[in-house]
Amino acid sequence: MAYDKFNILTSSAVPLPIENVDTDQIIPARFLKATERKGFGDNLFRDWRYHQDNTPKEQFVLNNPMYTGKILVGGKNFGSGSSREHAAWAVYDYGFRCVVSSFFADIFRNNCLNIGVLPVQVSPEFLEHIFRAIEADPKTKLEVNLPKQTITILATGASESFDINDYKKDNMTNGFDDIDYLLNIKEDIKTFAENRPF
Amino acid sequence: MSNTLFDKVWDSHVVKKIENGPDVFFIDRHLVHEVTSPVAFLGLKNRNIPVLYPERTFATADHNTPTINQHLPVKDPLSANQLEALEKNAAEHGIPYWGLGHEKNGIVHVIGPENGITLPGATIVCGDSHTSTHGAFGAIAFGIGTSEVEMVLATQCIMQPKPKSMRININGALSFGVTPKDVALYIISKLTTSGATGYFVEYAGDVFKNMSMEGRMTVCNLSIEMGARGGMIAPDQKTFDYVKGREFAPKGAAWDRAMAYWETLYSEPHAEFDKELNFDAADIEPMITYGTNPGMGTGISNGIPMANAVEGGAATYQKSLAYMDFNEGEAIKGKPIDFVFLGSCTNGRIEDFRAFASIVKGRKKADNVTAWLVPGSHGVEDAIKAEGILDILHEAGFELREPGCSACLAMNDDKIPAGKYAVSTSNRNFEGRQGPGARTLLASPLVAAAAAVTGKVTDPRELMNEMVMG
Ligand code: SF4
């Protein structure tokens, strides 16, 4: 599925300083029943965001109007657990284009890259800087520069570079996905398949 | 150097290497279920492309299905809609579909091995993270997201950077009452839920050599819970004997060709791993979790660790204990429980039901416990009946449900109510995993059985006759 191209994103950020945020929290299983990719943002962090009677939990960060923006900043080991891409869809559909953490679970990271959400892994120290900057000023802006592979806290100028492989970077900046690439080499794949032992 | 088991299987599936990018990785077998596939099929439709190799693709319904009255129409309209979508998509693309009521229906990771779809040296993916189960056969198997499901349907490939390799060696003999589930929970408690992120794990040593195929599946299943992409065990005679004669396994000359390849599948004596860990089998006792991730587990006779004794943030730890309504330093043994769930792709195979039955035999289900016993497939269900296990369960006051994922992820009606405690043989104790507000204690089928007959967390060894079980 094609998605918006990602180049330089400058935005305030929403802080979620909790470790091991698993995909069951990002989107609980009972919301995985759709057959189309629609409306997942409404159920992002459903059980942290709403009481069982669907009234908002005031203290949860997504219900706090002070915090807005296209960047979600999470604690270490973000996105562990289930392979559900719905978790990445929910993040995207809610309006985030970038998730920052000091560590990501593998499948979640992959899923994000496949649908146009940029996972930015920073050092634990830099993550602390970001949390403190947002605490000091909820409107503080971060700049995520994909071509240069840097993330900067604009108020302080503190900056760090992040990793992404060239192939994925290219995809993200152009809004391509892997299927486009694979379909182009279909004949190679077929030849390969013919030589498999089973 | 291509000298580990993992390298051998990985490298032989690389169609193309992209410089500074992922490998184009060929997939031998693709397992599909109703929850993570509809959007992928929709993607194919939008691009107007067919499934490249329907014969390498197998579909079942399991995540969203009821575990009682499967002969009746599915009540939840959204679930019914997903099941219908899969049936329609499978028919349209010529993919074998084993839906509700089909004799081969069951949890995707149980029916793969049962039907000989899972083979040594194969690459297997599915839109479910516990696809790592199939690594028990020396396959590279891992979970993928829906975009990747679409890729595999369209091109039989995904694009993945090669993970790093890790070997976990456990030598010595397991103590009485210690099962494969305990081995896995023990490893995760040592590594934490992110300790193997970025790695593919090979399990080696006496413990895994001596383990049954079912046990190996349980261990590999839980690889994802330490963050690993997957786990695998070198195939041996036990593996080949298990695979031989199953419906989709190679036959005749094809079998001989496959065997010649399979016999090369082991790590060379001097193979190098990016990381290697060693544990001692004698240190492992029956395990149980007390928190909200699978790394928060402990030997059943220990107390709940103090916040200052755990790695990582105390705040996260305390949030987790608050959710469970447990306190630091308390004993976990003796905690009253409300539900027991035996099942899932972790512990829903015949050996798990045998273990459960060995404890409840001649005893009675505790009155305060609701027990859901859910076989992983109709094949498992048939074996339960054929071996007389069903009679033992009935005499002890238990019912058997119909196959499916059930309370493992609580997408169907099998939800643990808020605030209630469940001793569960499944794989995840995340907040709300088994229903909003549900509190999950992960454990082996033996620990689950001991809890089911005593109504509280109980060390199964106290109920076991060493002469019989030893
Ligand atoms: S039993 Fe649980 S983990 Fe296994 S396939 Fe079903 S939902 Fe996934």
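A quick note: this is a predicted structure, and the numbers were derived from the prediction, not measured. Because only heavy atoms are used, hydrogens play no part in the values below, and waters and symmetry mates are left out as well, while side chains stay in.
Contacts between A/D106 and chain B at a heavy-atom distance below 4.5 Å involve backbone atoms as well as side-chain atoms. Contact of B/V24 with chain A is made through the side chain alone, with heavy-atom distances under 4.5 Å. With a 4.5 Å cut-off on non-hydrogen atoms, B/A254 does not touch chain A at all. Interface residue A/Y181: only side-chain heavy atoms are found under 4.5 Å from chain B. Neither the backbone nor the side chain of A/N195 has a heavy atom closer than 4.5 Å to any heavy atom of chain B. Neither the backbone nor the side chain of B/F41 has a heavy atom closer than 4.5 Å to any heavy atom of chain A. Using a 4.5 Å cut-off between heavy atoms, A/F103 contacts chain B through its side chain alone, with no backbone atom that close. Neither the backbone nor the side chain of A/A88 comes within contact range of chain B, judged by heavy atoms closer than 4.5 Å. Residue contact with chain A, scored on non-hydrogen atoms closer than 4.5 Å, is absent for B/W255. Residue B/N46 does not touch chain A at all, counting heavy-atom pairs closer than 4.5 Å. Contacts of B/Y261 with chain A are made by side-chain atoms alone, with heavy-atom separations under 4.5 Å and no backbone atom involved. The contact between B/D28 and chain A is made entirely by side chain atoms (from C-beta outward), counting heavy-atom distances below 4.5 Å. B/H13 touches chain A through backbone and side chain together, each having a heavy atom under 4.5 Å away. For B/V152, no part sits under 4.5 Å from any heavy atom of chain A, backbone or side chain. Both the backbone and the side chain of B/A122 come within contact range of chain A, judged by heavy atoms closer than 4.5 Å. Only the side chain of A/I185 comes within contact range of chain B, with at least one heavy atom under 4.5 Å from a heavy atom of that chain. Interface remark: B/L409 contributes backbone and side-chain atoms alike to the contact with chain A (heavy atom separation under 4.5 Å).
Between B/K16 and A/D188, none of the side-chain N atoms (NZ, or NE/NH1/NH2) sits under 4.0 Å from a carboxylate O, so this pair counts as no salt bridge. Under a 4.0 Å N-O distance rule, the pair A/D22/B/R428 does not qualify as a salt bridge.
Applying the side-chain hydrogen bond (donor to acceptor under 3.5 Å, both in side chains) test to residues at least two apart or on different chains, the pairs with a partner in residues 164-176 of chain A are A/N114-A/K168, A/Q149-A/K169, A/D166-B/N20, A/Y167-A/N171, A/Y167-A/D178, A/K168-A/D178, A/N171-A/D178.
Residues A/R30 and B/P436 have side chains in contact (heavy-atom distance under 4.5 Å, counting atoms from C-beta outward). Contact annotation: the side chain of A/K33 approaches that of B/N64 to within less than 4.5 Å [non-hydrogen atoms, C-beta and beyond]. Side-chain atoms of B/E431 and A/W48, non-hydrogen and from C-beta on, do get closer than 4.5 Å to each other. Side-chain contact between A/N110 and B/Q160 is present, with at least one heavy-atom pair separated by less than 4.5 Å. Using a 4.5 Å heavy-atom threshold, the side chains of B/R29 and A/F198 count as touching. Annotation: side chain of A/T23 is not in contact with side chain of B/F430 (no heavy-atom distance under 4.5 Å). Using a 4.5 Å heavy-atom cutoff, the side chains of A/K186 and B/L52 are in contact. Contact annotation: the side chain of A/K190 never approaches that of B/Q156 to less than 4.5 Å [non-hydrogen atoms, C-beta and beyond].
The distance from the NE2 atom of B/H63 to the CG atom of A/L32 is 9.0 Å, given to the nearest 0.5 Å. Between B/T192 atom OG1 and A/K76 atom NZ the span is 6.0 Å, to the nearest 0.5 Å. Distance OG1/B/T146 to CD1/A/I115: 10.0 Å, rounded to 0.5 Å. Taking CG of A/L113 as the start and OG of B/S147 as the end, the distance is 10.5 Å to the nearest 0.5 Å. If you take SG on B/C157 and CD1 on A/I189, they are separated by 3.5 Å, rounding to the nearest 0.5 Å. For the atom pair A/N184 CG and B/T155 OG1, the distance stands at 11.0 Å (nearest 0.5 Å).
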Residues 130-138 of chain A, side-chain donor-acceptor partners within the protein, below 3.5 Å, at least two apart:
from   : atom 1 : to     : atom 2 : distance (Å)
A/D137 : OD1    : A/K139 : N      : 2.9

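Of the listed residues B/S79, B/G227, B/A410, B/P22, the one with more heavy-atom pairs under 4.5 angstrom with chain A than any other is B/P22. Between chain A and the residues B/L42, B/T316, B/N427, the largest count of heavy-atom pairs under 4.5 Å involves B/T316. Heavy-atom pairs under 4.5 Å with chain A were tallied for B/T36, B/N412, B/T193, B/N293; the largest tally goes to B/T193. Ranked by non-hydrogen atom pairs under 4.5 Å with chain B, the options A/N111, A/I18, A/D47 are led by A/N111. Of the listed residues (B/G21, B/A315, B/S129), the one with the most heavy-atom contacts under 4.5 Å to chain A is B/S129. The most heavy-atom pairs under 4.5 Å with chain B, out of A/W89, A/F108, A/F31, come from A/W89.
Below 4.5 Å, heavy atoms of chain B meet heavy atoms from A/N77, A/G81, A/S82, A/S83, A/R84, A/E85, all part of residues 77-85 of chain A.
Contacts of B/H30 classified as ring-ring contact (aromatic ring centres under 6.0 Å, His included), with partners at least two apart in sequence or in another chain: none.
Counting non-hydrogen atoms of neighbouring residues, nucleotides and ligands closer than 6.0 angstrom, the CG atom of A/D53 exceeds 12 such neighbours.
The backbone N or O of B/V39 lies less than 3.5 Å from no partner atom in the side chain of A/E36, so there is not a single donor-acceptor pair.
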Residues A/N20, B/M296; criterion side-chain contact (heavy atoms from CB on, under 4.5 Å); working and verdict: CA-CA 12 Å; A/N20 302 319; B/M296 300 176 80; over 6 Å; no
